Amino acid sequence: MSRNLLILGGNGFIGAETVKQFIQTGKYDITVVNRGRWPWDYEETVKKHVKCIICDREKDDLASCFGDLVNVHYEAVIDFSGYVPQVVQKAIEFLDGRFGLYIYISTDSVYEVCAKSHDGLTREEDAVRPADLGEQQRLNEKDQYGHKKLECEELIVLEHEKRKFPYLFLRLCDVFGSRNSEEKWWQYQIWIKFYDVIAKPIYLPQQLADMPSSYVTNEDVARTVVAILESPNSAIYNQAFNLAWDDVFTLRQLLTDMMSEYGRNPNEIQFEDSMQYWFYFPSVKRGPISTEKSKRMLGFTTTPWREAFEKTFYFYEAALRNNAKDREPVIEEMLREVVDETQHDQFRQAIAANCANESR
């Protein structure tokens with residue numbers, strides 16, 4: 001008998017990869033709730049294999065969205081799209097008594113609004129807000145995303161105490177991999193590939209360029225989520241876990257690896273110390289996170305760095321040639337935010353020539 005699974009979100013590059021890995025087990029009857037947008041090839045690889053409920057969690061009535069599925073009981077709920085506590089509470093109240101485990105996909109940004117009291121890697125127990133309310137407000141205003149995600153965690157703990165369901169928080173650092181709808185990695189890669197045409201130094205804020213940071217791949221996150229349900233263990237419930245490589249990296253290292261893959265000498269490319277639009281990594285300033293607990297209790301493992309790097313790099317190389325639907329929004333954004341107007345035609349021509357040459 002198939003096991004019922006409810007995925008809130010599931011169409012982004014972390015959620016969809018997780019759904020794909022669940023589909024591959026052949027054990028689950030999966031319902032996915034999102035706004036109905038399926039980028040990349042997710043219509044074929046995900047949507048066709050699951051029940052789809054189109055719903056805006058912030059605006060829509062969940063009972064109306066679920067229709068005939070309103071009374072289904074789910075072994076687990078995996079929440080990829082809960083960004084504010086109101087929508088998380090709305091889901092928990094609607095599903096009350098009809099689910100087992102609640103897995104909330106959180107972030108290491110929660111530590112940005114907390115009071116870390118030690119040096120070294122950030123541990124799960126460091127997610128404690130400052131006692132001083134003024135300091136709380138200052139940190140919350142500085143990182144609204146981390147503040148709201150921590151509010152969601154705090155809300156789930158309160159609901160757990162009231163309704164007695166088990167939960168897990170998976171705190172992700174900066175995630176990369178194929179099919180990233182935010183195109184962070186891809187945009188850096190395009191800028192390096194067409195650096196001579198764009199004719200503009202790559203923005204590399206000096207205060208962030210050499211800051212050690214944690215990273216993880218979407219595939220490693222997905223594999224961990226699947227393993228949690230495939231090997232149930234109540235000893236891990238009602239806790240938070242950091243997911244990341246043991247190795248830490250810097251933005252400069254990441255860009256240098258991209259340059260090397262293109263056969264470019266890093267000395268040939270100029271950088272600009274700018275906090276303008278173009279810097280994506282790292283997304284946090286508190287530094288790397290510890291995965292000791294995840295390795296010990298979840299058996300968490302990661303793909304070797306070089307293997308993950310090359311897979312991601314060459315996925316986007318192929319997508320630049322073959323995937324006009326997902327390529328075009330990235331190019332348009334670069335034209336707006338990076339490429340000077342005088343270079344627009346040359347940039348477009350270079351993209352077209354690359355597609356034509358590679359397709360021969």
Side-chain angles (χ1 to χ4, degrees), residues 14 106-128 130 135 138-147 149-150 170-177 180 182-189 191-192 195 200-218 220-221 241-261 264 266-267 269-294 302-306 308-309 312-313 337-338:
I14 304 172
S106 191
T107 169
D108 64 349
S109 291
V110 300
Y111 300 119
E112 299 291 293
V113 297
C114 294
K116 184 178 176 180
S117 59
H118 63 88
D119 296 329
L121 301 176
T122 300
R123 302 188 293 264
E124 287 84 353
E125 61 265 29
D126 292 323
V128 179
E135 179 65 1
R138 185 187 72 82
L139 293 175
N140 294 346
E141 291 174 352
K142 191 175 180 180
D143 194 320
Q144 277 287 303
Y145 175 67
H147 166 52
K149 291 293 277 190
L150 186 54
L170 299 181
R171 294 181 183 148
L172 313 185
C173 54
D174 285 323
V175 184
F176 71 79
N180 187 345
E182 295 180 353
E183 293 99 16
K184 297 178 179 181
W185 175 296
W186 201 5
Q187 292 167 340
Y188 278 126
Q189 196 167 319
W191 198 339
I192 291 169
Y195 174 79
K200 196 172 191 178
I202 296 175
Y203 297 154
L204 185 66
Q206 288 307 302
Q207 67 190 74
L208 302 178
D210 299 304
M211 179 182 292
S213 301
S214 290
Y215 294 89
V216 72
T217 69
N218 60 335
D220 289 342
V221 172
F241 295 91
N242 294 334
L243 301 186
W245 265 295
D246 283 338
D247 296 329
V248 297
F249 306 93
T250 67
L251 177 55
R252 191 187 302 276
Q253 286 175 304
L254 181 61
L255 297 182
T256 299
D257 281 354
M258 288 184 183
M259 294 173 204
S260 297
E261 208 64 29
R264 302 204 67 140
N267 295 325
I269 292 184
Q270 292 184 322
F271 296 102
E272 180 180 331
D273 182 8
S274 173
M275 291 294 289
Q276 294 187 54
Y277 175 82
W278 272 84
F279 71 92
Y280 282 123
F281 305 118
S283 62
V284 297
K285 312 300 185 297
R286 289 284 175 93
I289 56 178
S290 169
T291 59
E292 185 278 330
K293 181 180 177 183
S294 294
T302 55
T303 305
W305 161 254
R306 192 64 205 174
F309 173 86
T312 303
F313 182 93
E337 303 291 346
V338 175

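All figures in this text were calculated on a predicted structure; none of them were measured in a lab.
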Checklist entry - When rounded to the nearest 0.5 angstrom, what is the spacing between CD1 in I192 and CD in Q187? => result 12.5 Å
Checklist entry - If you take all heavy atoms of F241 and K293, which pair is closest and at what distance? => result CE2-CE, 3.6 Å
Checklist entry - Side chains of P266 and T256: does their closest heavy-atom pair fall under 4.5 Å? => result yes
Checklist entry - Does any non-hydrogen side-chain atom of M211 lie less than 4.5 Å from one of R286? => result no
Checklist entry - For the atom pair OG1 (T312) and CZ (F176), what is the distance rounded to the nearest 0.5 Å? => result 5.0 Å
Next on the checklist: So, taking the atom named CG in L254 and the one named CZ in R252, what distance separates them when rounded to the nearest 0.5 Å?
Outcome noted: 12.5 Å
Checklist entry - Which heavy-atom pair separates C173 from V216 by the least distance, and what is that distance? => result SG-N, 3.6 Å
Checklist outcome for this item: Minimal heavy-atom distance between V284 and D108, with the atoms involved, is CG1-OD1, 3.5 Å
Checklist entry - In terms of side-chain geometry, is the basic nitrogen of K142 or E135 positioned less than 4.0 Å from the acidic oxygen of its partner? => result no
Checklist entry - Considering the options W185, Y215, W245, F249, which one meets the ring-ring contact (aromatic ring centres under 6.0 Å, His included) requirement together with F309? => result W185
Next on the checklist: Quick check: closest heavy atoms across V248 and P212, and the distance to 0.1 Å?
Outcome noted: CG2-CB, 4.0 Å
Next on the checklist: Let me confirm one number: the OG1-CG distance from T250 to D210, rounded to the nearest 0.5 Å.
Outcome noted: 5.5 Å
Next on the checklist: Please find the pair of heavy atoms, one from E261 and one from F313, that lie closest to each other, and give the distance.
Outcome noted: CG-CE2, 3.4 Å
Checklist entry - With no hydrogens and no angle check, is any side-chain donor or acceptor of N218 less than 3.5 Å from a backbone partner on N180? => result no
Item to check | Pair N242, S290: side-chain N/O donor-acceptor within cut-off below 3.5 Å | outcome: no
Checklist outcome for this item: Heavy-atom nearest pair, I202 first then W191, reads CA-CZ2, 3.6 Å
Checklist entry - Taking C-beta and beyond as the side chain, do R171 and Y111 meet within less than 4.5 Å on heavy atoms? => result yes
Checklist entry - Is any side-chain heavy atom of T217 less than 4.5 Å from a side-chain heavy atom of T302? => result no
Checklist entry - To the nearest 0.5 Å, how far apart are CZ in R123 and CD in E292? => result 9.5 Å
Next on the checklist: Return the SG to NE2 distance between C114 and H147, rounded to the nearest 0.5 Å.
Outcome noted: 11.0 Å
